[in-house]
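Some notes on the structure that comes next.
Proteins come first, then strands; the chains are lettered A, B, ... in the order of their sequence lines, and each starts at number 1.
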2 protein chains.
Amino acid sequence: MTSAHFDAERFRYLILAAQRLGQRQMNASMKAIGLTPAQSEVIRVLGQHQPITLKDLGELLICESGSPSRLIDRMVQDGLVEKEPHPSDARFVYLRLTPTGTEKARTIEEFEENMYRDLGLLFPNQEMSMVSDTLQKLLSHSPIADTLRKRGLLRDPAETD
Amino acid sequence: MTSAHFDAERFRYLILAAQRLGQRQMNASMKAIGLTPAQSEVIRVLGQHQPITLKDLGELLICESGSPSRLIDRMVQDGLVEKEPHPSDARFVYLRLTPTGTEKARTIEEFEENMYRDLGLLFPNQEMSMVSDTLQKLLSHSPIADTLRKRGLLRDPAETD
DNA sequence: TGAAATTAGATGACACGTCATTTAGTATAG
DNA sequence: CTATACTAAATGACGTGTCATCTAATTTCA
């Protein structure tokens, strides 16, 4: 096995491991407020882009690629999100947070602030940025880059090439 | 929003996005050989650690945390894996690749070699290592670090602190 | 030796996450 | 005006991934 092979395999599995670890921690933390990680991403995005159609919401979520029909269905059932028909085009559905959803949005925001602060304490700030810069390069030619850009999660949009 | 906050949120979602992108590409590639990404990780690990108990296999998989009972059940049904009772302790089950499974192992190995080569072409080799070093530090105090170490995916095991 | 603790694996329950297909509403082209 | 193309959302199908609980076998120890 060449060194390049080792580096690539190590990279591949460390990305997977980091995502899994983060997901498990988010599972536990969100469970305490009665949510899943996917639901909390929806609530955060919805809190900043209200009202929005299902399709447009789908284009803002990192956690899921297609249109989040069923994710939203569950959230409607749980009283977190409301659907509203589009006045002139019945194909669209507008989504809004309910008061309960809005309340959760603030709880999540507080939680995330703490989480980001803690994460920042683990590394020199510049080290995290360098990792992100490399990942951004890796993702820049994939469809998901659009989503990241719309979410304002990319640095230097001019250099996404 | 502070810059540290932005850096941490960007990092968080880039990890998620990279994992999702990789998973989707693996989905597509493995589908061509009739497998899922989780199944292909099992086959690769099993190819190098045969025979092995379910529990020990679970401790070698990055893709899943618990014991992979159902993942293996499906692979047994699909004729990829065989179960064999432990001679003296009926709690254990030994797992082995079937001839079909062994064949798939070689196909996967070839595919991965190409994938790792392609990935290596995207970055200066040292850049990928630096990212991995940071991720390794992040994961070093989590349970998943054991798995990574057993899989030989960590560099400088002495410095996991 | 025999009850209690421990262990490996199986199972239940739940919510994704992906791709493919279907349904239904709207726009477009002839 | 109507058949066709297009679009948004819903649905089907499938395989995870996680946590909790259960079952069965074995070990421990009073």
Parallel under 30°, tilted from 30 to 60°, perpendicular over 60°: which one fits the rings of B:His86 and B:Phe92? tilted
Using modelled atom types and a 3.5 Å cut-off, is there a donor and acceptor pairing between side-chain atoms of A:Ser40 and backbone atoms of A:Pro37? yes
Write down the distance between CG (B:Asp73) and C1' (D:dG17), rounded to a whole number of angstrom. 15 Å
Expressed as a whole number of angstroms, how long is the span from B:Leu71:CG to C:dA8:C1'? 17 Å
If you assign each of A:Val93 and B:Thr36 to its closest nucleotide in DNA chain D, which residue comes earlier from the 5' end? A:Val93
Interatomic distance where NZ belongs to A:Lys83 and P belongs to D:dA8 [whole Å]: 16 Å
Just how far, in rounded Å, is P of D:dG15 from CG of B:Asp78? 7 Å
Which residues in residues 85-92 of chain B have at least one heavy atom lying under 4.0 Å from any atom of DNA chain C? B:Arg91, B:Phe92
Is it the case that the side chains of B:Arg117 and B:Asn114 hold a donor-acceptor pair, with the cut-off being a distance below 3.5 Å and no angle test? yes
I would like to know whether A:Gln136 and B:Arg10 meet side chain to side chain donor-acceptor pair (under 3.5 Å); could you show each step before the answer? CA-CA 9 Å; A:Gln136 178 172 330; B:Arg10 177 175 177 242; 2.6 Å; yes
Looking only at heavy atoms, the pair that brings B:Arg151 and B:Leu60 closest together is NH1-O, 2.7 Å
Check whether any side-chain N or O of A:Lys104 sits under 3.5 Å from a backbone N or O of A:Leu80 as a donor-acceptor pair, and report yes or no. no
Between the protein and nucleotides 18-21 of chain C, which nitrogen or oxygen pairs come in under 3.5 angstrom?
residue, atom, partner, partner atom, Å
C:dT18, OP1, B:Arg24, NE, 2.9
C:dT18, OP1, B:Arg24, NH2, 3.0
C:dT18, OP2, A:Ser65, N, 2.9
C:dT18, OP2, A:Ser65, OG, 3.2

For B:Thr36, is there any backbone N or O sitting under 3.5 Å from a side-chain donor or acceptor partner on B:Gln39? yes
Expected output: side-chain B:Glu9 to main-chain A:Tyr116 donor-acceptor under 3.5 Å: no
For residues 82-93 of chain B, pull every pair meeting salt bridge (charged side-chain N to carboxylate O under 4.0 Å, His left out), keeping only residues two or more places apart or in separate chains. B:Asp73-B:Lys83, B:Glu84-B:Arg96, B:Asp89-B:Arg91
Interface with DNA chain D, restricted to residues 39-58 of chain A and to heavy atoms under 4.0 Å: A:Thr53, A:Leu54, A:Lys55
My validator wants the stems of DNA chain C: runs of 3 or more consecutive Watson-Crick or G-U pairs, both distances under 3.5 Å, written as range with range. C:1-30 with D:1-30
Counterpart residues, side chain to side chain donor-acceptor pair (under 3.5 Å), relative to B:Gln19 (two or more places apart): none
Got a donor-acceptor contact below 3.5 angstrom from the B:Thr147 side chain to the B:Ile62 backbone? no
Verify salt bridge (Lys or Arg N to Asp or Glu O under 4.0 Å) between A:Glu64 and B:Arg20, making sure each step is shown before the conclusion. CA-CA 8 Å; A:Glu64 191 167 335; B:Arg20 289 289 197 265; over 6 Å; no
When the distance from CE of A:Met75 to P of C:dA15 is rounded to whole Å, what number comes out? 12 Å
Is A:Ser140 reaching over with its side chain to a backbone N or O of A:Lys137, donor-acceptor style, under 3.5 angstrom? yes
Rounded to whole angstroms, how far apart are CE on A:Met26 and P on D:dC19? 14 Å
Expressed as a whole number of angstroms, how long is the span from A:Ile72:CD1 to C:dA15:C1'? 14 Å
Rounding to a whole Å, what distance do you find between B:Met30:CE and D:dT16:C1'? 16 Å
